[in-house]
Amino acid sequence: MTTVTMSVSPHRRIGPVPRRLFGGFVEHLGRHIYTGIFEPDHPTADADGFRQDVIDLVKELGVATIRYPGGNFVSGYRWEDGVGPRESRPRRLDLAWHSIETNEVGLHEFAAWLERVGSDMMLAVNLGTRGTAEALDLLEYANVPGGTALSDLRREHGRERPFAIDMWCLGNEMDGPWQLGHLDADDYGKKAARTAHAMKLMDPSISLVACGSSSSAMPTFGDWERTVLRHTYEFVDYISCHAYYEERDGDVDSFLASGVNMDRFIDDVVAAADHAKALAKSSKTVNISFDEWNVWYMNRPPEGAFSGTGVDEFQYAPRLLEDQYSVLDAVVFGSLLISLLRHCDRVTSASLAQLVNVIAPIMTEPGGPAWRQATFFPFATTSRLARGVAVDVDVRAGTVDTTQLGPVPDADAVATVDEDARTASVFVVNRARTGERTIEIDVSQLGDVQISEAHLLADEDLHAANTAAEPNRVTLGELAGVTIVDGILTLPMPRVSWAAVALSW
Ligand code: AHR
């Protein structure tokens with residue numbers, strides 16, 4: 001059995017853990033809204049048609065800010081379609097996902113749902129088929145208290161107080177040729193700057209997110225960030241990052257190293273943002289909103305995928321992007337959370353994409369049950385235990401040679417320390433594919449600590465997953481055999497596993 005040594009020093013402080021790091025994303029896509037969160041005929045539905053079983057799971061997941069309503073969807077969306085009396089709302093073709101959008105759920109309904117799950121809204125404006133004027137209309141409708149045409153319309157629609165949305169996305173993935181209204185970096189940068197300038201004139205309290213690259217593999221990556229920030233630096237607060245990972249062609253080692261890819265991506269975007277800061281001679285720092293991240297089997301043939309050949313094929317609430325997550329996926333997912341925490345001085349907001357049914361930790365069947373996918377567990381546990389400040393962990397591990405990323409450490413970890421609450425947590429991933437390992441973590445600098453919780457995500461079958469028929473096949477287990485002796489925390493970790501240990505003193 002091999003031993004990996006690590007040490008936690010409270011002095012290797014990264015920064016305060018922002019609650020917004022544990023955000024989510026709800027898009028009008030597939031069965032996310034319809035039969036996901038909203039299903040009036042469901043046995044658990046409340047008076048507004050929201051599934052209570054899903055509300056309970058979202059609360060358990062512990063999600064801060066939720067990005068809405070897209071995603072690719074927002075680039076063709078008319079927000080006005082989703083407000084006012086439901087019976088007069090139009091049915092539209094959603095060109096992004098070849099679906100029928102009934103607009104039964106819009107801004108008011110989504111805000112009501114968020115109140116039930118205890119999360120805040122992060123709203124995206126359409127800079128694909130629309131522009132500055134429509135973004136201003138939406139901001140007026142949402143945030144102006146009253147006494148203007150659109151704020152009074154909101155009040156007529158039953159919402160007296162403003163929605164007070166403080167974080168806004170300036171479009172979505174505008175670098176992507178698939179995006180409705182796709183632009184090059186100069187054109188998007190100018191459009192985003194004009195819109196941001198106008199939005200801040202109306203409400204200077206808001207934070208704005210400029211679109212970064214849709215992935216670090218985009219041919220324009222780097223140049224896109226440089227150009228967009230050159231135009232927008234003065235007006236925006238965040239640049240976005242999006243990244244999805246998947247096991248390709250059985251290359252498990254490269255997949256397990258996805259966190260290393262995320263680390264490098266973040267470092268590159270931080271460098272681009274700081275370069276733009278120097279050029280702008282600004283004292284402001286633009287941070288990262290990692291507002292789409294997850295495992296997504298984009299390259300597997302999806303069930304019920306649209307063929308995109310005719311209008312008659314547009315469906316209401318089709319089954320799209322309903323990935324089933326395995327233990328292996330969840331271990332990688334846990335390592336992505338480690339990477340986000342390690343960068344929380346600059347990644348101050350993040351959104352897991354997505355929340356229900358669509359590449360999601362929560363699945364539902366229409367008229368049937370809701371259940372947790374394997375990825376639910378690392379998210380819920382990290383969101384609950386990561387408190388105080390994030391602390392870098394000194395990891396002395398071996399290496400694994402990967403085809404995609406070269407040699408990478410075969411284990412990784414990050415810690416959080418809350419001095420006021422006298423608690424700390426350590427999050428560890430074991431990437432080694434054979435044998436059990438002992439992870440020894442020197443936590444003596446924290447003082448005389450006790451173990452208060454120890455959780456393990458692992459399974460002999462790396463491809464085990466939860467399904468409607470077997471919703472509890474994968475759960476979070478107790479980490480058996482964990483000890484603390486003379487300040488050394490010892491974790492016996494099986495191959496390909498993720499663990500979280502909470503300490504107190
Ligand atoms: O999350 C699914 C899709 O992925 C989003 O709509 C889009 O922004 C990204 O390409």
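Values reported hereafter were calculated over all heavy atoms of this structure, with side chains retained and with hydrogens, waters and symmetry mates removed. Atoms within each ligand, like the ligands themselves, are counted from 1 in listed order. Remember, it's a predicted structure, so these values are computed and weren't measured experimentally.
- For W113 and F38, the gap between ring centers reaches or exceeds 6.0 Å.
- For atom 9 (C) of ligand 1, the nearest non-hydrogen atom of the protein is E292 OE1, 3.0 Å.
- At least one heavy atom of Y244 sits less than 4.0 Å from an atom of ligand 1.
- Scanning all protein heavy atoms for the shortest distance to atom 2 (C) of ligand 1 gives Q354 NE2, 3.4 Å.
- At a heavy-atom distance under 4.0 Å, atoms from both the backbone and the side chain of N72 approach ligand 1.
- Heavy-atom contacts of N172 reach the following atoms of ligand 1: 7 (C), 8 (O) (cutoff under 4.0 Å).
- Looking at W296 against ligand 1, only its side chain comes within 4.0 Å, counting heavy atoms.
- A side-chain donor from one of T102 and E104 sits under 3.5 Å from a side-chain acceptor of the other.
- H28 and Y68 are linked by a side-chain donor-acceptor pair at a separation below 3.5 angstrom, with hydrogens and angles left out of the test.
- The backbone N or O of Y77 sits less than 3.5 Å from a side-chain atom of N126, completing a donor-acceptor pair.
- Looking at ligand 1, you won't find any N or O of W178 less than 3.5 Å from one of its N or O atoms.
- Applying the 4.0 Å criterion to heavy atoms of W97 picks out, from ligand 1, the atoms 3 (C), 6 (O).
- Put simply, the side chain of T381 never gets that close to the backbone of P378: no donor and acceptor are under 3.5 Å apart.
- Atom 6 (O) of ligand 1 has E27 OE1, 2.6 Å as its closest protein atom, hydrogens excluded (heavy atom only).
- Using modelled atom types and a 3.5 Å distance limit, the side chains of T220 and D223 yield no donor-acceptor pair.
- At the shortest separation from atom 10 (O) of ligand 1 among protein heavy atoms lies E173 OE1, 2.6 Å.
- Taking every non-hydrogen atom of G71 and a distance limit under 4.0 Å, the qualifying atoms of ligand 1 come out as 5 (C), 6 (O), 8 (O).
- Under 4.0 Å from ligand 1, not a single heavy atom of W293 appears.
- In this structure, the side chain of N466 engages the main chain of P471 through a donor-acceptor pair within 3.5 Å.
- Between R319 and E365, at least one side-chain N (NZ, or NE/NH1/NH2) sits under 4.0 Å from a carboxylate O, which counts as a salt bridge.
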